[in-house]
Amino acid sequence: MSRIETVKKSGPVIERRSIDFVPHGERHGKPFGQFTLWFGANMQITAIVTGALAVIFGSDAFWGIIGLFIGNILGGTVMALHAAQGPKLGMPQMISSRAQFGVFGAVIPLVLVIIMYLGFAATGAVLAGQAVGQIIPTGHPAVGVIIFGALTVLVATLGYKYIHALGRISTIVGILGFSYLAVQLFLKHDVVAVLGVGGFAFPTFLLAISLSAGWQLTYGPYVADYSRYLPANTPAGRTFLSCFSGSVLGAQWSMTLGALFAAIAMPKGHEFLDGQVAFVGELSGGGAIAILLYLVVVVGKLTVNTLNAYGGYMTILTSVSAFTRQLRFAPWVRFAYVIGFIAVSVIIAIAASADFISNFKNFVLLLLMVFIPWSSINLVDFWLVSKEKVDVPALYDPKGRYGAWNVPALLTYLLGVVVQVPFLAQSMYTGPITPLLGGADISWLVGLVVTAVVYYPVARKFQRPPAEMVYPIEETAAAEPVNSPSA
Ligand SMILES: Nc1ccnc(=O)[nH]1
């Protein structure tokens with residue numbers, strides 16, 4: 001038992017748990033914490049870039065903003081349905097997907113998710129590194145990236161409590177900074193003049209919806225990680241609403257700014273695209289205010305990048321522990337994994353910052369394709385088939401209820417990936433149906449719906465969910481959830 005004692009000795013400063021079940025006695029917090037974390041995580045420059053892309057790819061600013069809003073609501077619903085699982089599960093989302101795919105089978109979506117987090121961490125570090133470079137000019141872009149990476153390692157290593165604290169800071173900083181930007185935008189530019197000039201076009205409207213829906217869907221694999229310490233009897237509706245409203249409002253605010261930036265900068269020749277971070281500084285009017293706005297950029301990116309690092313390290317641990325069968329990990333193990341993960345992202349960021357925008361768009365839409373079916377299978381199983389009941393010990397046992405490889409689920413997953421191919425609109429590949437839709441990529445919607453419709457009867461036939469939630473043995477001795485939702 002020496003391993004567990006090492007964990008305990010480190011005290012409460014650094015989080016003790018990783019992919020193991022959070023006992024009811026350690027549950028704390030209120031659903032409102034979901035709002036601030038996800039609002040803060042979305043008040044960031046990459047969301048601004050995503051909003052700008054809607055206009056750059058041809059949407060009128062007004063219709064682009066409406067399309068982005070619809071996409072945020074659709075994608076945000078899926079994302080918050082994952083979040084609402086956290087208090088019940090008491091553990092990270094990706095380990096719970098062993099309930100659908102089997103203890104080894106879950107490794108397939110896990111590896112893809114790890115690559116996605118790495119990509120986000122790398123692309124995010126490029127932008128945040130630029131902002132750090134504006135605050136502390138060294139002449140070497142790599143220095144900003146490395147400083148940002150070090151900050152990410154710090155917060156992700158401290159863990160859950162500090163990540164939520166950063167979310168609260170980021171919410172306040174984001175509201176102040178983004179309000180200032182909005183005011184400057186309206187004072188310096190004739191914003192109303194750029195609205196509605198392009199008219200409505202269905203393909204570009206669909207594209208705007210897909211961009212923001214895709215943005216929200218990327219949070220699915222890790223959003224429940226940040227609600228897993230909430231008391232198990234927290235009403236799912238409250239977790240859902242807090243998370244949903246935070247993520248949708250934060251993203252919509254950022255994306256609206258982005259769509260307007262792009263609409264205004266475009267006639268003068270893609271200014272926003274040429275240097276997103278510098279554009280924000282210029283809009284602020286320069287000087288001390290610009291420095292403050294660069295700080296706003298760094299804080300927003302730090303929040304979401306910490307989620308990438310923390311979610312990334314737990315996903316890697318989940319994959320590794322399928323084979324090693326280890327259950328608990330000491331804080332130094334987290335530190336080692338987080339540092340390894342961030343080091344790789346920093347190296348990619350330094351090596352590959354050119355052509356950032358087009359790579360970013362392709363990257364998000366391409367990776368979405370491989371885990372949209374994961375999202376669909378997870379949600380259908382948890383909410384409709386297993387009906388919120390999980391056998392927690394069996395998640396750690398390839399010979400248990402969930403087995404090693406769940407072949408029906410894995411085949412459905414494969415189908416969910418393949419069915420999207422005709423609908424793809426990628427720089428490397430455009431599906432045969434895409435031109436009929438004017439070039440818009442709706443593969444995400446096809447993937448979500450087809451996978452859900454196929455998986456439901458499959459799961460009804462093959463899944464054997466427990467009649468009641470099964471907790472680890474040490475928990476069953478204790479009474480059921482001890483904290484009230486408002487504790
Ligand atoms: N899931 C994410 C979306 C956007 N940016 C990130 O860094 N991560």
Side-chain angles (χ1 to χ4, degrees), residues 15 36-50 92 113-135 141-171 173-174 177 215-216 218-223 225-226 246-247 250-251 254 276-277 280 294-316 334-335 337-353 356 359-360 363-364 367:
E15 185 185 357
T36 45
L37 182 63
W38 291 101
F39 187 87
N42 281 285
M43 293 291 267
Q44 50 130 332
I45 187 132
T46 323
I48 297 183
V49 173
T50 304
V113 165
I114 294 165
I115 298 171
M116 178 191 74
Y117 290 159
L118 252 186
F120 274 124
T123 50
V126 173
L127 291 180
Q130 287 172 11
V132 174
Q134 297 277 359
I135 301 168
V143 176
V145 174
I146 292 168
I147 292 176
F148 178 71
L151 287 172
T152 308
V153 169
L154 177 71
V155 190
T157 305
L158 289 172
Y160 188 91
K161 232 169 50 183
Y162 294 84
I163 295 173
H164 275 283
L166 180 60
R168 291 191 287 274
I169 295 171
S170 182
T171 293
V173 168
W215 172 268
Q216 294 288 346
T218 62
Y219 292 130
Y222 58 39
V223 55
D225 301 2
Y226 308 96
S247 197
S254 311
Q276 303 105 38
V277 172
V280 169
Y294 292 133
L295 264 178
V296 173
V297 171
V298 175
V299 171
K301 277 259 68 119
L302 183 61
T303 308
V304 79
N305 205 43
T306 304
L307 306 184
N308 295 333
Y310 186 82
Y313 110 79
M314 289 203 297
T315 310
I316 299 172
R334 160 162 57 237
F335 182 66
Y337 274 83
V338 168
I339 239 186
F341 178 91
I342 288 299
V344 173
S345 77
V346 161
I347 290 167
I348 300 173
I350 293 171
S353 48
F356 173 72
N359 290 339
F360 177 76
F363 168 74
V364 171
L367 275 181

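Keep in mind that the numbers below use all heavy atoms, side chains included, and drop hydrogens, waters and symmetry copies.
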Measure the shortest side-chain to side-chain distance between [X] and [Y] over non-hydrogen atoms and say whether it is less than 4.5 angstrom.
X: Phe341; Y: Val153; result: no
X: Thr303; Y: Thr171; result: no
X: Val155; Y: Ile163; result: yes
X: Ile146; Y: Ile350; result: yes
X: Thr123; Y: Thr46; result: no

Result for ring pair (Phe, Tyr, Trp, His ring centres under 6.0 Å) between Tyr219 and one of Phe120, Tyr117, Tyr226, Trp38 points to Trp38
**Report entry** CA sep, side-chain torsions, deciding dist, call: Ile135, Val298, side-chain contact (heavy atoms from CB on, under 4.5 Å)
**Finding:** CA-CA 10 Å; Ile135 301 168; Val298 175; 4.2 Å; yes
Kindly give the heavy-atom pair with the smallest separation between [X] and [Y], and that separation in Å.
X: Gly149; Y: Val346; result: CA-CG2, 4.1 Å
X: Gly124; Y: Lys301; result: O-CD, 3.5 Å
X: Ala41; Y: Val304; result: O-CB, 3.8 Å
X: Ser345; Y: Ala121; result: CB-CB, 3.6 Å
X: Asp225; Y: Pro92; result: OD1-CA, 3.3 Å
X: Met116; Y: Pro221; result: CE-CG, 4.4 Å

Taking atom [atom1] of [X] and atom [atom2] of [Y], what is their separation to the nearest 0.5 Å?
X: Tyr294; Y: Gln130; atom1: OH; atom2: CD; result: 9.5 Å
X: Leu151; Y: Ile342; atom1: CG; atom2: CD1; result: 10.5 Å
X: Lys161; Y: Leu166; atom1: NZ; atom2: CG; result: 14.5 Å
X: Thr315; Y: Asn308; atom1: OG1; atom2: CG; result: 10.0 Å

Practice problem: May I ask you to check whether Tyr310 and Tyr222 place their ring centres under 6.0 Å from each other? | Solution: no
**Asked** Does Ser170 reach the main-chain N or O of Gly167 with its side chain, forming a donor-acceptor pair under 3.5 Å?
**Response** no
Open item on the list: If we ignore hydrogens and angles and just use 3.5 Å, is the side chain of Arg334 paired with the main-chain N or O of Gly159 as donor and acceptor?
Closed with: no
**Report entry** Worked verdict on Leu37 versus Leu307 for side-chain contact (heavy atoms from CB on, under 4.5 Å)
**Finding:** CA-CA 10 Å; Leu37 182 63; Leu307 306 184; 4.3 Å; yes
Exercise for review: Give a yes or no on whether Tyr160 atom OH has more than 12 heavy-atom contacts from other residues, nucleotides or ligands under 6.0 Å away.
Suggested key: yes
Item to complete: Would you check if there is a donor-acceptor pair between the side chains of Ser247 and Gln216 at a distance under 3.5 Å?
Response: yes
Item to complete: Starting from the C-alpha separation in whole Å, work towards a yes-or-no answer on side-chain contact (heavy atoms from CB on, under 4.5 Å) for Val277 and Ile45.
Response: CA-CA 8 Å; Val277 172; Ile45 187 132; 4.1 Å; yes
**Q.** side-chain contact (heavy atoms from CB on, under 4.5 Å) between Trp215 and Asn42, worked out
**A.** CA-CA 10 Å; Trp215 172 268; Asn42 281 285; 2.7 Å; yes
